[in-house]
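Heads up: the structure comes next, in structure tokens.
Just so it is clear, the model here is predicted, and its values are computed rather than measured. Reminder, nothing fancy here: chain letters follow the sequence lines and each chain counts from 1. Every heavy atom of this structure was used, including side-chain atoms; hydrogens, water molecules and symmetry mates were not.
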Number of protein chains: 2
Amino acid sequence: MREKDRPSQCCLLLEGWACRYRMLGDGKRQIFSFHIPGDIPDLQSLHLKVMDHSVCTMTAATVAFIPHEPLRKLTAAFPGVGAILWRETLVDGAIFREWMTGMGRRSATGSIAHLFCEMYVKLEAMGLARDHAYKLPPTQQDIGDALGLSNVHVNRVLRELRDNGLITLQNHKLQINDWAELSKLGGFDPTYLHLEKRDG
Amino acid sequence: MREKDRPSQCCLLLEGWACRYRMLGDGKRQIFSFHIPGDIPDLQSLHLKVMDHSVCTMTAATVAFIPHEPLRKLTAAFPGVGAILWRETLVDGAIFREWMTGMGRRSATGSIAHLFCEMYVKLEAMGLARDHAYKLPPTQQDIGDALGLSNVHVNRVLRELRDNGLITLQNHKLQINDWAELSKLGGFDPTYLHLEKRDG
DNA sequence: CGCCCCTTTGATATTAATCAAGAACTGTGG
DNA sequence: CCACAGTTCTTGATTAATATCAAAGGGGCG
């Protein structure tokens, strides 16, 4: 799905990773989010007809398409369902704010550490990771495009994190060896993910 | 309204400017958005019970408080109203993405130029500005905290924009002298604001 | 086996942060 | 109307972070 499209359906990611991004005039790319199974990356298209960015998969993936029309009827007939979906888009926005914080006010190291923590918590909540380890499909270039860094600099930060023993990263398999230290480095506080139902 | 609060009402800004932000452990601040009359800065609190950031006014301001309970009933009874409010929060997210793009992949100059264009279009749409001029309450420090720059650097960029004749800025009154050039500099494309109803 | 993409490393350049200090502005009370 | 205090703005000098350029290894896949 591309910028300027006017989709008539949403896609639910069942397997694999996807991301949202925009290409800039000078060939640069900004990635806005990484998505994992259970996410509906383009849920916003339900109420914003023109796409202001693009979506693509980052791995082999399985997706389910849900046409807008029945979805709109469903949310109208069952406000509770609508509220849950609305809430999803709000959490989406909260994650954007967190990434903004990283790009604006955190160091490259903190930013990357934060991303690794965030993805783990999201995956763990979906039952897709445990023991502080998971598969991380994005390339170093992808990570740079997400956090506003060059691929070279991402590479150097990763080596530093490895040298310090905080993480092990090989073949896109990430193992967080020192969660306490890594989350401290990134100033990671999962409140913004709003995962606990009781807390809203 | 502060981080960790659990508000029971939303506030509609009637007069003045407000902003949303978070303070970081080391005293740094990240501003997420500037708000103008007509905005409901904390609409998300309707479905996310815990605030993951703070809201404050930047000028003398008038606000109307709308309790959550009747608002929730309203959106349940009239799905059309709910859709409109939901849509507002989606545009909010689109603006976050645009700011991310600025911080990640645009130069400081481009980022600031983009912000000035964005605020003008928003104000103009509300009938609060015309002729490419408006009152801009944020200090240079505020602008820096919003775009991830130091106040000193913001000052230098502003001087450059002034020296080039692109803008006139005095006493928080901004006049954009060369809209075409400024919007080119910032790579500004208002699609993301989703202002035209026909376009969704 | 070979190719392409990704990773890694080094050298250099650029952007923007930090530190520091003085000037201009704002609001306040006398 | 003026003096004062606290911000905010401005400028210069220096430093730190990160980008860019370039080139050499690795690894997976057809």
Side-chain angles (χ1 to χ4, degrees), chain A residues 17 19 24 26-31 56-60 101-115 135-164 167-174 185-186, chain B residues 16-17 19 24 26-31 56-60 101-116 135-164 167-174 185-186:
Chain A
W17 282 47
C19 71
L24 275 73
D26 54 1
K28 286 177 177 153
R29 179 176 61 154
Q30 177 66 50
I31 291 180
C56 74
T57 57
M58 312 188 70
T59 64
T101 305
M103 288 193 280
R105 290 296 181 224
R106 277 196 268 265
S107 68
T109 309
S111 225
I112 290 177
H114 194 280
L115 176 66
K135 188 152 184 342
L136 183 79
T139 65
Q140 295 181 0
Q141 179 69 59
D142 294 332
I143 294 172
D145 284 347
L147 304 180
L149 302 167
S150 69
N151 58 341
V152 176
H153 198 59
V154 169
N155 184 278
R156 290 186 170 125
V157 169
L158 290 180
R159 187 163 58 78
E160 195 193 315
L161 289 174
R162 270 190 290 235
D163 289 352
N164 294 342
I167 63 168
T168 307
L169 179 55
Q170 246 176 10
N171 284 65
H172 294 279
K173 287 188 202 310
L174 174 70
L185 206 55
Chain B
W17 283 46
C19 72
L24 276 73
D26 54 1
K28 285 177 176 153
R29 178 176 62 155
Q30 177 66 50
I31 291 180
C56 73
T57 57
M58 312 187 70
T59 64
T101 305
M103 289 192 280
R105 290 297 180 225
R106 277 197 268 265
S107 67
T109 309
S111 224
I112 289 177
H114 193 280
L115 176 66
F116 287 172
K135 187 151 185 345
L136 183 78
T139 66
Q140 295 180 1
Q141 178 70 59
D142 293 333
I143 294 172
D145 284 347
L147 305 179
L149 302 166
S150 69
N151 58 341
V152 175
H153 199 58
V154 169
N155 183 278
R156 288 187 171 125
V157 170
L158 290 179
R159 187 163 58 77
E160 195 194 315
L161 290 174
R162 269 190 291 233
D163 289 352
N164 294 342
I167 64 169
T168 308
L169 180 55
Q170 248 176 7
N171 285 63
H172 294 279
K173 287 188 201 308
L174 175 71
L185 207 55

Answer yes or no: is there a donor N or O on one side and an acceptor on the other, between the side chain of R105(B) and the main chain of L24(A), under 3.5 Å?
no

Look at the side chain of [X] and decide which nucleotide, out of [options], has an atom nearest to it.
| X | options | result |
| --- | --- | --- |
| T139(B) | dA16(C), dC9(D), dA22(D) | dC9(D) |
| A108(B) | dT11(D), dA16(C), dT20(D) | dA16(C) |
| V152(B) | dC19(C), dA16(C), dA19(D) | dC19(C) |

N or O in side chain of [X] less than 4.0 angstrom from [N] OP1/OP2:
| X | N | value |
| --- | --- | --- |
| N171(A) | dG26(D) | no |
| R156(B) | dA16(C) | no |
| N155(B) | dT10(D) | yes |
| Q140(A) | dT8(C) | yes |
| H172(B) | dC9(D) | yes |

When the distance from [atom1] of [X] to [atom2] of [N] is rounded to whole Å, what number comes out?
| X | N | atom1 | atom2 | result |
| --- | --- | --- | --- | --- |
| E160(B) | dT14(C) | CD | C1' | 14 Å |
| Q170(B) | dC9(D) | CD | C1' | 12 Å |
| R106(B) | dT18(D) | CZ | C1' | 19 Å |
| I143(B) | dT10(D) | CD1 | P | 11 Å |
| Q141(B) | dC25(C) | CD | P | 20 Å |
| D142(A) | dC6(C) | CG | C1' | 11 Å |
| H153(B) | dT14(D) | NE2 | C1' | 16 Å |
| L169(A) | dG27(D) | CG | P | 14 Å |

Do L147(B) and I112(B) touch side chain to side chain, with heavy atoms closer than 4.5 Å?
yes

Could you tell me whether the side chain of D145(A) reaches within less than 4.5 Å of the side chain of Q30(A), counting heavy atoms only?
no

Return the CD to NZ distance between Q170(B) and K173(B), rounded to the nearest 0.5 Å.
10.5 Å

CZ/R106(B) to CG/L185(B) distance, rounded to the nearest 0.5 angstrom?
10.5 Å

Which sits closer to the 5' end of DNA chain D, P138(B) or N151(A), going by the nucleotide each is nearest to?
P138(B)

Using a heavy-atom cut-off of under 4.0 Å over every strand shown, decide if [X] touches base, sugar-phosphate, or nothing.
| X | answer |
| --- | --- |
| L158(A) | nothing |
| G144(B) | nothing |
| R162(B) | sugar-phosphate |

Single hit among V157(B), N151(B), L158(B) for side-chain contact (heavy atoms from CB on, under 4.5 Å) with V154(B):
L158(B)

Tell me the closest heavy-atom pair linking S111(B) and M103(B), and the distance in Å.
OG-N, 4.2 Å

So does D142(A) pair up with R29(A), basic N to acidic O under 4.0 Å?
yes

Determine to 10° how strongly the helix from dT7(C)-dA24(D) to dG30(C)-dC1(D) is bent, judged from the axes of its five-pair ends.
50°

